[in-house]
J.: 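Below is a structure I'd like to ask you about.
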Amino acid sequence: MSLRPDPKGYRSLLLGCVASLACVTSGWAATSLPPGQAVRAPDVFMPQPMPDRPTAFRSAAGVPGRAFWQNRADYSINARILPDTKSLSGQETITYTNNSPDALDVIWLNLEQNEYKPDSRSQYASGRFSAPRTNGVQIQKVVVEYGGSKKEITPIISDTRMQLRLPTALRGKGGKMRIHVTWQYVIPGPWGGRTSVTPSKNGDIYEIAQWYPRMAVYDDIRGWDTAPYLAQEFYLEYGNIDYRVTVPWNYTVAGSGTLLNPESVLTATERKRLSQAAHSDTRVLIRTAQDVTDPGSHRHDHGDMTWHFRMENTRDVAFAASPAFVWDAARMNLPATHGVTRGPHLAMSVYPVEGVGPDGWDRSTEYVKHAIEYFSEQWYPYPWQNAINLGGHGAGMEYPGIVFDGMKDHGPQLFWITTHELGHGWFPMIVGSNERRNAFMDEGFNTFIDAYASDHFNHGEFAPKKDNEFAPQTGVPADDIVPLLRDRDAPPLMVPSDLVQERYRHPVTYFKGAYGLKLLREQIVGPERFDRAFRRYIDVWAYHHPTPSDFFRFMSSETGEDLSWFWRGWYFENRAPDYACTGIHATSDGYQVTVQNKGSLPIPVTMLLTYADGTTERQVIPTEAWYQHTAIDLPVRTHGVLRTVTLDPDHAIPDIDRRDNTLYTR
């Protein structure tokens, strides 16, 4: 997710509460770094206990344990958009499988549409009292089917959660139950917190998300995880989702997953163009700007049409519908590996004529294709058939197989936001971490892979990544992160998502979260070990729910490094490196250089030696240099004349005071 800046922010939250909660949840208070001064903490190299201890479900190596389990939710949904009332009605059947060892006497579901009710907790937490308001979701009927009998249940609704008290407990270790729900709600207007109906030149655009009652997660960490929806993120079970959307005849629907009935909803011309796109590395227009205003360009000329989609092994689906869509597509070249849906694989863009232009959405599918192919090659194969970029209001929001961006985005902004939102296909759509509690495992991990995608695209056309998510001032993260590391009030990465103020959301969750992995990869363990470990982390936890403890343990074990000092300093607290070159002395066989560690995050640092003849030499000072010392004397054996010594010459680490990084010989 990459929300546009909110002028009101989350001003109702106090940073004092953030810092206090960090102390409670992590066991350590955040270390504040006074401006211009860093303090060497005495516990830099002490072991860092994890929030969750190893169990039979999650091992000390950060992998699922011998008794690991995860529940499952499969959906069959029928929905209808009613343009006259700008509302959506639906019926669903959830097949819920309880793989836990526990019998469940209650079931919890999420009702995110209740965020829009006038008394929702979300508006109090966010301070956005003027956002669109509705009556929330109206639950008309709930029936549970278990053990051969059906029973209607009166749900207990609390804000954005719905509890079902079962007449008979659902047995563990494979017990199955069907839950039938009928509901309806009014769709929020423009913006609407990432689900909306937005006017355009040729008709309304419906962006439909968090739109059906969805199972809450029951896991081995908290049991039922029923954190209320406060307009942030989600935590959902995996399964197969089969859904049908009924709309007026002149609407085009773009949705997560595979369209199962193209013969019923697309014209012969549209199907032919899709076939051409499946063999083209450049975009093919499926619906042109001229088609948008031509009633004859549709399969029918009256009544309604039902679009049928299916997506497998997913935690969610979303869709968009409008009479205003231009639609183009091109093929994606994906690895032919196990778990990847059969082709053709299509990168798609749907957008109104407002987005048309050589610097705008004409290039969207090019960006989609690159992102999916690059991430698939570099980290883990994209598992689904299609990837869709939707140009609408501009929510900057991700869902499996489809992302919602802005119809007027263009230039670098369109590339960066498209790549970022599609990168969420890996975090958290494939690796299903708990976004509602640990945002850095969602936004931070995704922004990390985005930064390299910017470097890779079209010989660096939009590199380096330099937007509100990463290195926004100069594009050099080591420099741009320093004000945050010197900010006494900045919350640590481990602070729960809903407690991070808006002004810190991008700098901390996105930027610091991403840069931490970049430091780990490039400066601490190296790309060779990091890349293999990170790929295996994705593979091991694909379609599962890892915690921060799992990630920290896995990366330490897989890379072969005790990274306690880094986890504590970068994630649990706000520590920073600060090195100084304090002396150069001639010796019988060269020089002795004195380097002081004044900081509290001992990231390996490069020392550059420059000689009088213009030659240079580099030496890396490892973290272990500071196990027992705060200053070390390094011998430099040379017959040349040494002129300068510079620490971190490439600005590769976030040294918070560079005034003493360079020393000249006399």
Side-chain angles (χ1 to χ4, degrees), residues 1-7 9-10 194 231-233 364 367-368 370-372 374-375 378-379 389 394-399 403-406 408-429 431 433 435 438-457 460-485 487 490-493 495 497 500-522 534 570-571 574 654:
M1 178 182 69
S2 182
L3 295 181
R4 296 336 194 227
D6 172 19
Y10 290 83
R194 303 174 304 196
Q232 291 286 336
E233 304 282 13
S364 169
Y367 303 156
V368 175
H370 172 265
I372 301 299
Y374 174 73
F375 293 142
Q378 179 67 16
W379 302 116
N389 195 16
M397 186 58 195
E398 69 279 359
Y399 300 96
V403 299
F404 294 173
D405 290 326
K408 296 183 180 179
D409 289 342
H410 63 280
Q413 174 63 26
L414 179 58
F415 171 82
W416 285 327
I417 199 166
T418 298
T419 301
H420 176 83
E421 303 310 337
L422 289 168
H424 278 299
W426 283 259
F427 306 102
M429 307 309 169
V431 181
S433 53
E435 301 174 273
N438 309 118
F440 76 90
M441 296 182 73
D442 160 39
E443 300 295 355
F445 285 19
N446 179 29
T447 303
F448 164 71
I449 66 174
D450 297 344
Y452 291 106
S454 291
D455 296 338
H456 183 268
F457 177 76
E461 179 181 355
F462 298 118
K465 181 174 171 65
K466 186 176 69 172
D467 56 9
N468 64 342
E469 298 166 353
F470 190 81
Q473 301 302 318
T474 68
V476 179
D479 294 340
D480 289 359
I481 200 74
V482 168
L484 179 72
L485 297 179
D487 186 340
L493 281 165
V495 165
S497 308
V500 178
Q501 276 193 332
E502 178 65 16
R503 67 187 175 116
Y504 287 117
R505 190 169 57 84
H506 279 104
V508 173
T509 302
Y510 294 66
F511 183 14
K512 189 183 181 189
Y515 187 38
L517 295 186
K518 199 172 179 70
L519 287 170
L520 195 61
R521 180 180 189 267
E522 297 179 2
F534 200 57
W570 197 259
Y571 290 85
N574 286 329

J.: With side chains defined as the heavy atoms from C-beta onward, is the minimum distance between Pro654 and Tyr515 less than 4.5 Å?
T.: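 Counting from C-beta outward, Pro654 and Tyr515 do come under 4.5 Å.
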J.: What distance do Leu422 atom CG and Ile417 atom CD1 have between them, rounded to the nearest 0.5 Å?
T.: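 One gets 10.5 Å once the value is rounded to the nearest 0.5 Å.
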J.: So, for Ala471 and Lys466, which heavy atoms are closest and what is the spacing to 0.1 Å?
T.: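 In this case the closest contact between Ala471 and Lys466 is O-CG, 3.1 Å.
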J.: Can you name the closest pair of heavy atoms from Ile449 and Gly423 and give their distance?
T.: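 In terms of heavy atoms, the two residues are closest at CD1-O, 4.0 Å.
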J.: Looking at CZ of Phe511 and CZ of Arg505, how far apart are the two atoms once the value is rounded to the nearest 0.5 Å?
T.: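 It comes to 15.5 Å.
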J.: Looking only at heavy atoms, which two atoms of Ser497 and Ala439 are closest? And how far apart?
T.: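 The answer is OG-N, 3.0 Å.
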J.: If you define the side chain from C-beta out and look only at heavy atoms, does anything of Glu443 sit under 4.5 Å from His424?
T.: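 They are in contact (side-chain heavy atoms under 4.5 Å apart), so the answer is yes.
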J.: Testing the basics here: between Ala395 and Arg194, what is the closest heavy-atom pair and its distance to 0.1 Å?
T.: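 In terms of heavy atoms, the two residues are closest at CB-CA, 3.7 Å.
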J.: Is the distance from the ring center of Tyr452 to that of Tyr374 below 6.0 Å?
T.: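 Centroid distance Tyr452-Tyr374: not below 6.0 Å, so no.
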J.: Taking Trp416 for the side chain and Phe462 for the main chain, is one N or O donor matched with an acceptor at less than 3.5 Å?
T.: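 Yes.
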J.: Looking at every heavy atom in both Ala463 and Ser454, which two are closest together, and how far apart are they?
T.: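 Shortest heavy-atom separation between Ala463 and Ser454 comes out as CB-O, 3.5 Å.
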J.: Under a 4.5 Å cut-off applied to non-hydrogen side-chain atoms, are Asn574 and Lys512 in contact?
T.: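 Yes. Closest side-chain heavy atoms under 4.5 Å.
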J.: With rounding to the nearest 0.5 Å, note down the distance linking NE2 in His420 to CG in Asn468.
T.: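 With rounding to 0.5 Å, NE2 (His420) is 9.0 Å from CG (Asn468).
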J.: Can you check side chain to side chain contact (heavy atoms under 4.5 Å, CB included) on Phe470 and Ile481, steps first, answer last?
T.: CA-CA 9 Å; Phe470 190 81; Ile481 200 74; over 6 Å; no
J.: Of the non-hydrogen atoms in Val500 and Pro491, which two are nearest, and what is the gap between them?
T.: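 For Val500 and Pro491, the tightest heavy-atom pair comes out as CG1-CG, 4.2 Å.
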J.: Taking atom CD of Gln378 and atom NE2 of His456, what is their separation to the nearest 0.5 Å?
T.: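 So the CD of Gln378 and the NE2 of His456 are separated by 8.0 Å.
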J.: Tell me whether the centres of the aromatic rings in Tyr399 and Phe404 are closer together than 6.0 Å.
T.: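 Ring centroids of Tyr399 and Phe404 are less than 6.0 Å from each other.
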J.: Once you round to the nearest 0.5 Å, how far does CG of Leu414 lie from CG of Asp405?
T.: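 It is 7.0 Å, given to the nearest 0.5 Å.
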J.: Look at the side chain of Asn446 and the backbone N and O of Phe427, then say whether any donor-acceptor pair between them is shorter than 3.5 Å.
T.: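 Answer holds: no.
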J.: Mind checking whether Phe415 and Tyr367 have parallel, tilted or perpendicular rings, split at 30° and 60°?
T.: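 Phe415 and Tyr367: perpendicular rings.
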J.: Using the rule given for side chain to side chain donor-acceptor pair (under 3.5 Å), can you reason through Asp450 versus Thr419, listing the C-alpha separation, both sets of side-chain angles and the distance that settles it, and then say yes or no?
T.: CA-CA 6 Å; Asp450 297 344; Thr419 301; over 6 Å; no
J.: For the residue pair Pro507 and Leu484, establish whether any side-chain heavy-atom pair is separated by less than 4.5 Å.
T.: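 Of all side-chain heavy-atom pairs linking Leu484 with Pro507, at least one is under 4.5 Å.
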J.: Assign the ring pair Trp379 / Phe534 to parallel, tilted or perpendicular, where the plane angle (0 to 90°) is split at 30° and 60°.
T.: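 Geometry flag for Phe534 against Trp379: perpendicular rings.
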J.: Is there a donor-acceptor contact under 3.5 Å from the side chain of Asp442 to the main chain of Phe445?
T.: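 Side chain of Asp442 to backbone of Phe445, a donor-acceptor pair under 3.5 Å: no, none is there.
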J.: Please tell me if the side chains of Pro492 and Val495 come closer than 4.5 Å, counting only heavy atoms from C-beta onward.
T.: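 Side-chain contact under 4.5 Å: yes.
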J.: Is there a donor-acceptor contact under 3.5 Å from the side chain of Asn389 to the main chain of Val368?
T.: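 No.
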J.: Nearest 0.5 angstrom please: Lys518 NZ to Thr447 OG1, how far?
T.: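 With rounding to 0.5 Å, NZ (Lys518) is 12.0 Å from OG1 (Thr447).
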J.: For the residue pair Lys408 and Gln413, establish whether any side-chain heavy-atom pair is separated by less than 4.5 Å.
T.: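 The answer is no; the side chains never approach within 4.5 Å.
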J.: Has the side chain of Trp570 got a donor or acceptor atom that lies under 3.5 Å from a matching backbone atom of Leu493?
T.: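 No.
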